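First up is the structure itself, then whatever we jot down about it.
Chain naming here is simple, since letters A, B, ... match the order of the sequence lines and numbering starts at 1 in each. These numbers come from a predicted model, not from an experiment.
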Amino acid sequence: MNNAELADVFDRIASLLEIKGEMAFKTLAYRRAAESLRSMVEDIHSLRASGRLDEIPGVGKAIAQKIEELLDTGQLRYLNRLEEEVPPSLIELLNIPDVGPKKVALFWQRAGITTLDALETAAREGRLRDLPGMGPKSEIRLLEGIKAYRCSIRRVPLPVARTLARPWLKWLESQPGVTQAQAAGSLRRWKPDIGDLDIVFASDHPAPVMQGLTQKKEVHRVLAQGEYKSSIELEDGLRLQFWCQPPERFGSLLQFVTGSKAHNVRLREFAQKVGFSLSERGLLDRSGVEHLCAAEEDVYEKVGLPWIPPELREDRGEIQAAMQRRLPNLIRFEDLVADLHLHTNWSDGEGSIEEMVSAAQQIGRRLLAVTDHSFLIKVDEGSSFDKLERQRAEIEKLRSQLGGDFILLHGAEVDILSDGSLDLADEVLQQLDIVVASLHFGLNQPRQVITNRLLNAIRNPYVDIIAHPSGRSLPDFEGADLDWEAVFSAAREYNVALEINSNPAHLDLDEAHARRAAEQGLLLCINSDSHAPRQLGREYGVAVARRAWIEPRQVLNAWPADQILEWLKNHRSRKR
DNA sequence: GCCGTTTTCGGCCCGACTGTTTTCAGTCG
C-alpha cells in the first residue's frame, strides 16, 4: 500500500463516519490525516521503518496504529466493521452538489436508498418530497445535481481557467460602482488545475451587478443569487462564483475567497488565539469592535502575521512559518536569469535561434541554452555530428553579433535510451556547452527498470540537467513510477540539477517532489521547454516552484550568469 | 481523533444562501 492508497482509506472512513453522524471533529481528523498522506512524498514504508509515523501532521496514536495494520495486512478491521454498518455505496452520493452527509443519511434511513440510481428514481417518482426538510424544489435541485455530477467535467487546467476568467473580470470592471475585480480561489494560488472559478469584486451597490451577472447569455443555470454571493453554471458545466463586499472590506473578502479552505481554518484558529474572530467581512475583537480590512495585507497584519503569498496557503506549515518570521523568500519569474532548455527550428521548434534570443532578451533573460532534440537533429546515423557542427557555427556567429551582454550556449536535449545510455555518444556530448537529458518513451516500465535508466543518465559524465524527470504528460499520464529517493540521492551525489518544466502539460517535477528535492538540498532548474518564442514567457514552472516553497538560491538559472557558467564548468570537471 | 503561546482535557472557523421552514438545518467555500 502506498501513501495515496492509505489516504483513500482514511477519506473513506471519514465519509462513512459523516454519514453515520459521528462527531464532526473526528471526521475532520481523518480528512486531515488523508490530506497529509496525499501531499507527502516520502514513502510511508520508510517513515514507518524509522518509527516516524507520528511526525505526519494530523496522525496521532489511533491513526498511526491503523496505518501499521494496513501496511502489515492490507486490511483494516475498523473499516470492515464500518462498512457493515454503513453501505459503502452511499459514499458516492456525497459527490452530488448540495448533497451532504445529513441528506445521505436521510435518504438511506428514511427511504432505504443506498445507490445513485435508486436516488435518481426516487426523486423522479416524487418519493423524496415528503421527507423532513425536503420539498418539490429540493427534489428538482437534487435531480439537477445528479445530472451535473454524472456529466461532471474534469478539472480545468490553469491556463484555460485564466483565459476563461478574463472576460468576466473585464465585464465587472466596466460596471458602475465596481472599484476592483480579481480572480481568487485556486486560480490565484496558481494550482495546476481548478475545479470552479472564484471571482471577487468590490462595490457599495452589488445588487444590480449580481443581477446583471446572472442574466448574461453565457449563463446556463443560476445556482444561487444573493447580495454578497452568486453562483452560476455555464453550458459545459463549469461553475463560477462571484463574491462582493464594499471596498473597505475587500481585503477580507479577497483573503477568504483565495483560500485554501484548510488555510482559512488554520488562520481563523490562530486569530482566535490572539483575540479576533475572523470572517470574510472583517475582524471582530473581544470587545465586539469591528476592524475592517480594505487590503489583504491588513488581515494578516491585524492578527500579527506577515502577508503570506497565496501559493503557500495550503495548510502546509505556512502559518507556523509566518509566526516565526521564517516564510521563504519565494522565487519570482523576474528572478530567472537564464533559460536552459528550449527548442528551435533546428528540431521541432517554430523559431530560429535568433528569434528565441530576441524573445528572451525582451523578458530580461541574460543567458540562453539552445537544446534541440538529439533525435530530431540527428537526421541519420552519419550526419548528426555534422548538423550539430553547423548549429554550433551559427551559434558562434550569433555570439559575435550579440557581444558580451548576452550569453548563448550550445546544448542538446538527449534521449535516455531503454538501457539508460544516451542517444548521442560521449564524444559528441563533450563538444556541447550543456547537456539536458530526459525520458521520452518506455515510461510505463516497472519502477526498478525505469529508475535505473534515470540513474544511469544522472551518472553520465556529461549530463548537467535532468529535464521533466517523471515524463509526466497531462492530462493522460501522471508520470513514471520512479523510486524518488534513489533519484534524489543520485542527483545529490552527482550534483545534477533537476528540472521544473514550465510547459503546463508537464509541470514536472510537480510541487510535492520539487519541495522534497529542495528540502534535501538538491539544485533545481526552472526551464520553459519552449518550442516557440512566445513560450519563453511561461510562468507555470515558477508557480510550481513557489508552491514548493522554493527560493532563488535553490534554482540554478536564477543565479547570476557568471555563476551559472562557473557551475557548468566545475560540475563537468568534477563529474569526470 | 488530534493537539498544546489557554489546555495532557477540552477545545477544535465563520457567514451566505436555499428551501423548508414560522425560526432553522443543511451545504458550501
Side chain of [X]: nearest nucleotide among [options]?
X: A:Lys26; options: B:dT18, B:dG26, B:dG1; answer: B:dG1
X: A:Gln272; options: B:dC2, B:dG29, B:dC12; answer: B:dC12
X: A:Lys137; options: B:dT18, B:dT20, B:dC2; answer: B:dT20
X: A:Ile63; options: B:dT20, B:dA16, B:dC2; answer: B:dC2
X: A:Tyr228; options: B:dC13, B:dC2, B:dA16; answer: B:dA16
X: A:Ser138; options: B:dG29, B:dG15, B:dT20; answer: B:dT20
X: A:Arg141; options: B:dG29, B:dG19, B:dC2; answer: B:dG19

Salt bridge or not for A:Arg268 and A:Glu280, using N-O below 4.0 Å?
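Answer for the salt bridge query: yes.
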All side chain to side chain contact (heavy atoms under 4.5 Å, CB included) counterparts of A:Ala262, not counting sequence neighbours
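Side chain to side chain contact (heavy atoms under 4.5 Å, CB included) list for A:Ala262, sorted by chain: A:Ser260, A:Asp315.
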In Watson-Crick or G-U wobble terms, both distances under 3.5 Å, what is the partner of B:dT8?
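Here B:dT8 is not engaged in any pair, so there is no nucleotide opposite it.
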Between [atom2] on [N] and [atom1] on [X], what's the gap in Å once rounded to a whole number?
X: A:Ile319; N: B:dC12; atom1: CD1; atom2: P; value: 16 Å
X: A:Leu82; N: B:dG1; atom1: CG; atom2: C1'; value: 14 Å
X: A:Phe10; N: B:dC2; atom1: CZ; atom2: P; value: 9 Å

Is any N or O donor-acceptor pair between the side chain of A:Lys261 and the base of B:dG29 shorter than 3.5 Å?
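Yes, the side chain and the base share a sub-3.5 Å donor-acceptor pair.
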